[in-house]
Amino acid sequence: MTNGIDEKVRGAYEEVLRRSTGEVEFHQAVREVLESLGPVLAKYPEFREGKIIERICEPERQIIFRVPWQDDRGEVQINRGFRVQYNSALGPYKGGLRFHPSVYLGIVKFLGFEQIFKNALTGLPIGGGKGGSDFDPKGKSDSEVMRFCQSFMTELMRYIGEYTDVPAGDIGVGGREIGYMFGQYKRLTSRYEAGVLTGKGLGYGGSLVRTEATGYGTTYFVREMLAVRKDSFEGKTCIVSGSGNVAIYTIEKIHELGGKVVACSDSNGVIHDEKGIDLDLVKRLKERERRRIKDYTDYRKHAKYVAGGNIWDIPCQVAMPSATQNEINGKDAATLVKNGCIAVGEGANMPTTPEGVKIFLASGIAYGPGKAANAGGVATSALEMQQNASRDSWTFEHTEQRLAEIMKNIHRNCWETAEEFGAKGNYVVGANIAGFIRVAKAMVAHGLI
Ligand code: NDP
Ligand code: 2IT
């Protein structure tokens with residue numbers, strides 16, 4: 001179980017397996033980072049002496065709570081809420097909330113762990129955390145979602161604050177949910193503390209570009225990876241899985257940069273539109289009407305819908321997984337490479353299984369792992385915090401410019417770090433090491449806490 005892990009970090013991984021039985025996604029995320037860190041410990045003995053890896057794997061605080069609420073029929077429902085405050089070496093805990101029936105502690109911990117290094121890569125003052133609930137927003141009325149969010153925040157409010165922990169959205173949590181949670185926080189605390197949540201509406205402290213940021217940022221990251229290869233999005237056939245927030249703004253930016261997205265999906269099936277995805281239609285169906293992607297073919301008759309289809313079977317040159325974890329397995333990765341895919345940019349968190357990652361790396365294609373590629377979302381959240389702290393609001397152009405620069409810097413940092421540690425072109429090694437070193441140095445400076 002610990003094969004392939006440097007003996008210097010093996011003990012830490014064994015401890016994670018022992019302490020967190022059954023949390024398979026968490027084990028996967030930890031292992032993937034630890035596999036990169038052997039050479040770092042060789043270079044920085046102080047990290048080893050201070051047991052930085054062992055400490056970084058153990059969350060600073062984990063909160064699990066009951067969320068009772070009443071549905072529209074008056075029936076009482078009980079969900080479980082989570083917030084894992086993982087690491088605050090670089091700033092207040094920062095990371096999204098996920099509402100999805102699959103959420104359990106192992107998912108929140110994997111996401112929180114990834115978030116530590118992602119946030120470090122942004123270069124901004126944010127620690128790592130994540131939260132959520134096994135609440136399923138699908139099929140719920142607006143009032144049910146509001147009552148759930150109010151109950152969730154009634155407990156969560158004790159643990160968050162602009163200097164403590166700043167949640168945002170993730171799967172199943174967008175502007176509507178953030179609005180209800182912000183309202184309840186304000187009501188419970190009697191404080192207009194804008195910086196306590198990000199992803200807020202533009203009318204009450206939200207930042208321009210935050211909605212678009214993850215998708216735009218991931219696309220910028222891929223643009224940088226292509227530029228290294230003297231290539232661009234121009235004329236490329238692309239595939240973007242999912243059809244939620246990240247997928248939509250990935251498609252938008254790819255189209256702006258001259259690529260053509262021919263497929264997207266949701267958890268029920270895949271849309272293949274050879275003429276190019278009609279993004280206005282996807283926005284209408286998903287953002288405004290909250291419908292299923294299947295309905296796309298009601299308006300674009302030539303497009304094909306395959307229920308339960310595998311989007312990675314469709315040939316493309318650029319693949320941008322933007323739905324969920326482990327959506328690309330080894331077989332899918334092999335299919336993508338065989339079909340001529342030259343770049344993969346992960347909008348989702350950990351969308352590729354370890355077998356898939358191995359195949360991408362061995363093939364020599366440009367592979368941008370989530371913690372680097374999708375960091376634009378949380379980076380723009382940090383820009384929202386800056387605007388809130390200075391009671392200011394920036395223009396779209398200025399904010400997008402900042403985002404583009406941040407993504408460029410992350411790309412450069414990952415590239416140079418990989419090269420420094422003898423793994424030229426390997427963004428996995430570059431991202432893990434660059435993110436880790438920034439956090440580890442701060443932890444050493446703070447002493448044994
Ligand atoms: P949304 O809820 O807006 O959209 C999620 C999309 O992924 C939907 O199309 C959904 O389909 C699909 N999906 C979700 N879960 C599954 C599943 N188990 N199997 C198949 N499809 C699934 O979420 P986001 O767009 O915000 O998030 C997408 C990914 O991006 C996640 O991995 C998230 O962690 C990551 N991410 C998000 C950021 C953000 O700022 N929002 C920032 C960085 C990363 P369906 O509607 O059928 O469930
Ligand atoms: O995974 C992520 O980076 C997010 N869901 C965004 C987190 C944030 O605080 O904006």
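All ligand and atom numbering here is 1-based and tracks the order in the structure.
- The nearest heavy-atom contact from the protein to atom 14 (C) of ligand 1 is I171 CD1, 4.0 Å.
- A salt bridge does not link E405 with K408: none of the charged nitrogens is closer than 4.0 Å to a carboxylate oxygen.
- Salt-bridge formation is not detected for the pair E193/K186: no Lys NZ or Arg NE/NH1/NH2 atom is positioned less than 4.0 Å from an Asp or Glu carboxylate oxygen.
- No heavy atom of G96 sits closer than 4.0 Å to any atom of ligand 1.
- Between F360 and Y367, a ring centre-to-centre spacing shorter than 6.0 Å is recorded.
- From the protein, the heavy atom lying nearest to atom 7 (C) of ligand 2 is G96 N, 3.5 Å.
- If you look at M350 next to ligand 1, there are no close heavy atoms at all, none under 4.0 Å.
- Under the 4.0 Å criterion applied to side-chain N and carboxylate O atoms, R158 and E155 are assigned as salt-bridge partners.
- Under a 4.0 angstrom heavy-atom cut-off, Q325 registers as lying outside contact with ligand 1.
- Ligand-side atoms of ligand 1 in range of S243: 9 (O), range being under 4.0 angstrom from any heavy atom.
- Under 4.0 Å from ligand 1, heavy atoms of D266 appear from its side chain as well as its backbone.
- The contact set between ligand 1 and N374, taken as ligand atoms under 4.0 Å from a residue heavy atom, comprises 43 (C), 44 (C).
- Remark: ligand 2 atoms within the under-4.0 Å shell around heavy atoms of K130 are 1 (O), 2 (C), 4 (C), 5 (N).
- Heavy-atom separations between R210 and ligand 2 include at least one value shorter than 4.0 Å.
- When each of R80, E25, E23 is paired with Y104, the side-chain hydrogen bond (donor to acceptor under 3.5 Å, both in side chains) condition holds for E25 and for no other.
- Taking every non-hydrogen atom of S381 and a distance limit under 4.0 Å, the qualifying atoms of ligand 2 come out as 8 (C), 9 (O), 10 (O).
- With respect to D266 and K138, no salt bridge is recorded, no charged nitrogen being found less than 4.0 Å from a carboxylate O.
- With a 4.0 Å cut-off on non-hydrogen atoms, S322 touches ligand 1 through its backbone and not its side chain.
- Scanning the protein for heavy atoms near atom 33 (C) of ligand 1, the closest one is D170 OD1, 3.3 Å.
- One finds the CG atom of L226 at 7.0 Å from the OG atom of S232 (value rounded to the nearest 0.5 Å).
- Proximity of T380 to ligand 2, defined as any heavy-atom pair under 4.0 Å, is not found for any part of the residue.
- Residue contacts with ligand 1: K138 is placed with a nitrogen or oxygen under 3.5 Å of a nitrogen or oxygen of the ligand (distance criterion only).
- The protein heavy atom nearest to atom 3 (O) of ligand 1 is N245 N, 2.9 Å.
- To the nearest 0.5 angstrom, M320 atom CE is 5.5 Å from T218 atom OG1.
- No option in F65, F135, Y180 other than F65 meets the ring-ring contact (aromatic ring centres under 6.0 Å, His included) test with F152.
- Under the 6.0 Å cut-off for aromatic ring centres, Y192 and Y204 do not qualify, their centroids lying 6.0 Å or more apart.
- Nearest non-hydrogen protein atom to atom 31 (C) of ligand 1 is A323 O, 3.3 Å.
- Only one option out of N339, L336, V261 pairs with C316 in a side-chain contact (heavy atoms from CB on, under 4.5 Å); it is L336.
- Remark: K371 engages E114 in a salt bridge, criterion side-chain N to carboxylate O under 4.0 Å.
- When only non-hydrogen protein atoms are considered, atom 39 (C) of ligand 1 lies nearest to T214 OG1, 3.4 Å.
- Using modelled atom types and a 3.5 Å distance limit, the side chains of R187 and Q184 yield a donor-acceptor pair.
- The protein does not reach atom 10 (C) of ligand 1 closely, with no heavy atom under 4.0 angstrom from it.
- In summary, the aromatic rings of H411 and Y220 are positioned with their centroids too far apart to meet the 6.0 Å limit.
- Atom numbering of ligand 2 starts at 1 in the shown order; those under 4.0 Å from a heavy atom of G169 are 4 (C), 5 (N), 6 (C).
- From the protein, the heavy atom lying nearest to atom 19 (N) of ligand 1 is T324 CG2, 3.7 Å.
- When hydrogens are left out, the protein atom nearest atom 9 (O) of ligand 2 is K94 NZ, 2.7 Å; that is the closest non-hydrogen contact.
- Salt-bridge formation is not detected for the pair K275/D273: no Lys NZ or Arg NE/NH1/NH2 atom is positioned less than 4.0 Å from an Asp or Glu carboxylate oxygen.
- Atoms of ligand 1 found under 4.0 Å from any heavy atom of G242, numbered from 1 in the order shown, are 9 (O).
- Taking any N or O of R98, backbone or side chain, at least one lies under 3.5 Å from an N or O belonging to ligand 1.
- Under a 4.0 Å criterion applied to the non-hydrogen atoms of K118, ligand 2 contributes the atoms 1 (O), 2 (C), 3 (O).
- With rounding to the nearest 0.5 Å, the separation of OG1 in T352 from CH2 in W312 is 8.0 Å.
- In this structure, K253 pairs ionically with E400, as a charged nitrogen and a carboxylate oxygen lie closer than 4.0 Å.
- Ion pair K130/D170 flagged as a salt bridge, since at least one NZ, NE, NH1 or NH2 atom sits closer than 4.0 Å to an Asp/Glu carboxylate oxygen.
- Of the polar atoms of G172, at least one N or O is found under 3.5 Å from an N or O of ligand 1, judged by distance alone.
- Residue contacts with ligand 1 for R292 involve side-chain atoms from C-beta outward but no N, CA, C or O (heavy atoms, distance under 4.0 Å).
- The shortest N or O to N or O distance between A168 and ligand 2 is not under 3.5 Å.
- Rounded to the nearest 0.5 angstrom, N432 CG and E32 CD are separated by 4.5 Å.
- Closest protein heavy atom to atom 6 (C) of ligand 1: G244 N, 4.0 Å.
- With a 4.0 Å heavy-atom cut-off, ligand 2 is reached by no atom of E114.
- Every atom of ligand 1 with a heavy atom of A348 under 4.0 Å away is listed here by number and element: 29 (C), 30 (O), 32 (O), 35 (C).
- Taking only non-hydrogen atoms, the option from S267, G347, G132 nearest to atom 35 (C) of ligand 1 is G347.
- Using a 3.5 Å distance cut-off with no hydrogens or angles, the side chains of Q387 and D392 do not pair a donor with an acceptor.
- Taking only nitrogen or oxygen atoms, main chain and side chain alike, V246 reaches within less than 3.5 Å of ligand 1.
- Ligand-side atoms of ligand 2 in range of G95: 7 (C), 9 (O), range being under 4.0 angstrom from any heavy atom.
- Contact annotation for K371 and ligand 2: no heavy atom of the residue comes within less than 4.0 Å of the ligand.
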